[in-house]
Each structure stands twice: as structure tokens, then as C-alpha cells.
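Below is one structure, written out as C-alpha cells; comments come after it.
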Protein chains: 2
Amino acid sequence: MESAGTVEKAVDVLFHLHAARAPQGVTAIGQALGMPKSSTHRLLSALGRRGLVERDERGQYRTGIALVALGLGALEGEPVVAAGRPVLEAQAREVGETFFLVAARAGKLRVLDKAEGSGFLRAAPQVGSAVPVHATAVGKLYLAFGSDQVAQSGTPLKAFTPRTLTEPRSLQSAARAVRRRGWALNRDEWIPGLSVLAAPIRTGRGGDERMVGAVALAAATPRLEELGTDALARRVRRAAEQIAARLEVGAPGRGRSR
Amino acid sequence: MESAGTVEKAVDVLFHLHAARAPQGVTAIGQALGMPKSSTHRLLSALGRRGLVERDERGQYRTGIALVALGLGALEGEPVVAAGRPVLEAQAREVGETFFLVAARAGKLRVLDKAEGSGFLRAAPQVGSAVPVHATAVGKLYLAFGSDQVAQSGTPLKAFTPRTLTEPRSLQSAARAVRRRGWALNRDEWIPGLSVLAAPIRTGRGGDERMVGAVALAAATPRLEELGTDALARRVRRAAEQIAARLEVGAPGRGRSR
DNA sequence: AATTATGTTCCGATAAAAGGAACTTGTTCG
DNA sequence: CGAACAAGTTCCTTTTATCGGAACATAATT
């Protein structure tokens, strides 16, 4: 975490405030990042001048609203999100469980958007966060259809639960099965009690077909079985196809400027 | 826009990419901000190393998903948002029109959250954006109940529409009326055809009562009249009171760490 | 009122950013 | 097919902003 440029240190301050989830003072931030108070203070001032950090009534620093505008702007700039949102919302309302959108960005799988279910016990992934590859339904999809888009982690695959696939061989055979069926299932492999169904969003015809993301349905494992895995899988696949269709028609509209 | 520190320039790059709404290259960004290519390139690299900017398949730069996580984190850190979201969603579903949350931040009125209605014609404010004070329902609320929290703009108040109140005197009398009734109405004063009803979210008892934000209901003007302004106003006030109540009980729980 | 913790300002040494220019890569047009 | 152009990247010297210890100011605590 050492020896970074000024800009990167400033960004690190933002991430630290984000991770801390509570407003903090100059001293605490400086200690956490291994920087002297004065440097920390200068970075915070610069960030504050642009509204990326704010101060509460106690004078403690926290992330600012300017970040909200930037972040939501970045989301809306994602064609997959724009195309997917109404579909996610419609599905979440019909099924009553959480639907979300995941895509590979910079070698990692990121939650791009979500529409939460209505149950007392429901999945609530954090938009913007990363999820593991080898222990999720979407991860298997990427191994099956877009393995070049996600970074392969080192051989020691972390066993989140007893059901996590930690052997590269079993992962490969799982990927083959996924390729055959066209959808993926994760039952208690990442988080005990959580099951996820996922289907790929694919654009382009024939040779240059490309996976641009995945639709996932997350619910408590018993709930998923109660509703019927196969029926839900068909539903998730249909949702993914709808989003892909919206991307095809929408694509020409996104014109280049200047 | 000149003579800023490195951190501020980097942030300016982010805002520029946000405002451009389309991916851009090094040259275009540098020209827009008056910086040489090499400097622009260095800033973009630093931002990219932390995921705040990304590159599309053409190599053009755009804002990155790391910003999404930071931005949504900042939102969730706002107690008003956490308390308000379920209320907004419930109201939006019942009425079928857009409810949103506005609060003063750094002297400006900012949209903190929204729940959109379901109609073909519906208001869709951008979360994170600022709204004018003198031409909105929430602005009048702040003039009435929390004038110290928003910066007074210069005397020449911009006339967005023929109905905009541009005289400080008429604004003051409007604020008095708002204080008496406890809610505010904006009919076509900012955007023609758009009407907004707003009520203050107030916490604390007796002397140290404080306005911490406002709930607003936005709809096409004819629609608002069709549904009945008075009934809707009561509804908006009730929603604001619900959020305030949730803030009171929720407040002690938000513990300080360390 | 004294003490301690925390935020802010100051300033010389120094490393890092600035920016012009050369180099590389990819695209367009004859 | 190759030349001309445009855009991105790297190089290198000058200059300036960052660094960080320490003094100062301010607010909370006992």
C-alpha cells in the first residue's frame, strides 16, 4: 500500500472512508494509511474542494455527494445497465426475489445493478462490489463462455463453504455442464443458505458472439427449490435474452460525439 | 479552472468524463481541460490504476465502476437516505408517481434518492444533481424552515418559466405561506408542465428542531390536479413524518467506532 | 483551570508532476 | 499497397507542489 502517486493516495483515502463506513478524523485516516497528519489533511482538503469528501457536524470526514453523481453517472453509461434495469425490476416484482446484473470489469466480476425482492429474507448484493469467480453461478458462466474476460486466480481456490469447488478439474467439468445447459447454478457454494441461478447475456451473431454480462436470481436455497429450479432457470434465461435484444436495438443509437 | 493541485486536476478529469457522457480520448480530455497530453495521460493512468476510470474496446476513457461502489456507499452512509428509501418506494408504488428526497449539502440542494413512478410520463430527477432554490418546492421549504442551510443566490433570480418567482419579496411571502401550511407547492415554476409537492423532514423536539431534508412528489401538472393537491399534500407530509420517526429511533444505533 | 487529543498552518528538503518533444501504433485516404 | 495523418505512449529536463516534522490553534475531557 506504499509508494503511490499523489492521485492514488487521494483515491486510497476515498476507499478508506468507504470501507470504514463511518466518518473519521484526520488522525485516524492518516494512521490507517500510514501517512502523516499534514499530508492527510492536504489530500482531504483537495478532495473536499471538489466535493468528494464532506464533513459532518463533528468535523469528521466522510465521502461526499459529488461521488454519488459520478458513480450513478458511470452506471448509466453502461449500456448493459440501461438495458437491464427495467427487466430486472419486472422480474423481481413478479418472482418476489432479488435479480441482479453482473459483468466482468478489469478482470473481476462486478455487480452492476440489482432489483431486490420483497421477502423478509432476501439477497441484497452491494452494487459495485466484486464477487468471486470460482464460487458463484456467474463465475461459472464466465468460465464457460468468456474465460478470457476474468482473471484466473491462483490454484489454491478458497473454500468458502464445504460445497465450494476447490479443484480446478471439478470447476472445468462444471463449466462444461454450464456450456451445455446454457445456465449456471450455485447452491451454497459461496454463502451457506444462498443459491443463485444465472444466465449469460450474449450479443452478436454467429462467430463473434460475445458475453457482455449475466442475469442472476438469488434467493435462500429452500425458497429456490420450492419455486422449482428448472422453471426459474427458464425464466432467468428469458430475462437474459430480453436484455440482449434490448442491447441490439439500442446499440446503433449510442452515437459517437464530435 | 486553472492553477489547481494535482488531486483537484484528477477530480476535474472525472467530472469532465461524467459531463461528457461519452468515452473520450487523451487528446480530447487534455484539450477540454487545458492540459498537455502527457499530463492528462499520467492522471488517467493513476485513476485507472484505482479503477476510477476504465477504457472501452476502442481505448477511450470513461468513468469506472469503482466510482459506483464509492458513490452508492456515500448514499447509504446518509441516515436520511437509509431511513427514507422504503418510505419513498412504498409511496411511489401506491401513487404511481415519482417521490424523491432532497437535502442541503454544502449550501446547495441535492437530490439524495428517488423512487420513480410507473407512468409513461414521469419525473426522473438525477440522484446527486443540484436543484435551484428559488424555483422549487423544496427550495421554498428551506427558505421557510432552514434558510441558513442554503446559500442565497444573487438578487437576479433566474426566470426559468413565466411562473418563476423572481422578486425576493414574493419569495419571502411564499416562504411565510409555506411555514404556515407546513408544505410547499411548485407549479410550473422551474420546468413547464412539472409540479412538485414537498414537505420537510424535521427531527428533534421543541427548541432544537431541525430540518434534515424534504420529501417531494413530482408529477405532470394536470396529473397532480387530477389526484387532488390537498390529499397528496397530506400524503407527502405523512411520508415526511414517517421518515423523521425512523430517524429518531434509528439514531442511537449508529454507533461511533473506536 | 489544566491536560490531552485532534485539527490546522508553516517551511525547508526533496521527490514527483509538468509539459515539450520524440517515438510508436493504428487509421484513413490516395 | 503505401504514404500521410492522428492519437496514444514514453522520455527527459525544469520547476513546482508534495512531504513530513514541528509549532500552533482549537476543542473535548477530567
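Protein chains get the first letters and strands the later ones, always in sequence-line order, with residue 1 at the start of each.
With hydrogens and angles disregarded, a donor-acceptor distance shorter than 3.5 Å links the side chain of A/Asn186 to the backbone of A/Ala135. Put simply, the side chain of A/Tyr61 never gets that close to the backbone of A/Leu44: no donor and acceptor are under 3.5 Å apart.
Atom C1' of nucleotide C/dG20 and atom CE of B/Met35 are separated by 16 Å, given to the nearest angstrom. Summarising the geometry, the separation between CZ on B/Arg49 and P on C/dA16 is reported as 13 Å, rounded to the nearest angstrom. Rounded to whole Å, atom C1' of D/dT9 lies 10 Å from atom CZ of B/Arg55. The CG-C1' distance, from B/Leu33 to C/dA18, rounds to 15 Å in whole Å. Following rounding to the nearest Å, A/Asp12 (CG) and D/dT18 (P) show an atom-to-atom distance of 16 Å. Atom-to-atom, CG of B/Leu47 to P of C/dA17 comes out at 12 Å; the value is rounded to the nearest Å. The nearest whole Å value for the distance from the CZ atom in A/Arg58 to the P atom in D/dA28 is 11 Å. To the nearest angstrom, C1' of D/dT18 lies 15 Å from CD of A/Glu8.
Here A/Phe160 and A/His134 bring their ring centres to under 6.0 angstrom of each other.
Under 3.5 Å, the side chain of B/Thr27 and the base of D/dG8 form no donor-acceptor pair of N or O atoms. A donor and an acceptor atom sit less than 3.5 Å apart, one in the side chain of B/Lys37 and one in the base of D/dG8.
In terms of phosphate contacts, A/Arg42 brings no side-chain nitrogen or oxygen within less than 4.0 Å of OP1 or OP2 of C/dG7. Residue A/His41 has no polar side-chain atom (N or O) positioned under 4.0 Å from OP1 or OP2 of C/dG7. Between A/Tyr61 and the phosphate of C/dT6, there is no side-chain N or O to OP1/OP2 separation shorter than 4.0 Å.
A cation-pi arrangement is present between A/Arg202 and A/Phe145 under the rule of less than 6.0 angstrom and at most 45 degrees off the ring axis.
With C/dG7, C/dC10, C/dG19 as the choices, the nucleotide that has an atom nearest any side-chain atom of B/Ser38 turns out to be C/dG19. If you check D/dT18, D/dG20, C/dG19 against the side chain of B/Thr6, the one that comes closest is D/dT18. Among the nucleotides D/dC19, C/dG19, C/dG7, the one closest to any side-chain atom of B/Pro36 is C/dG19. Of the candidate nucleotides D/dG8, C/dG7, C/dG20, C/dG7 has the atom lying nearest to any side-chain atom of A/Gln60.
With salt bridges taken as basic N to acidic carboxylate O contacts below 4.0 Å, none links B/Arg62 and B/Asp56.
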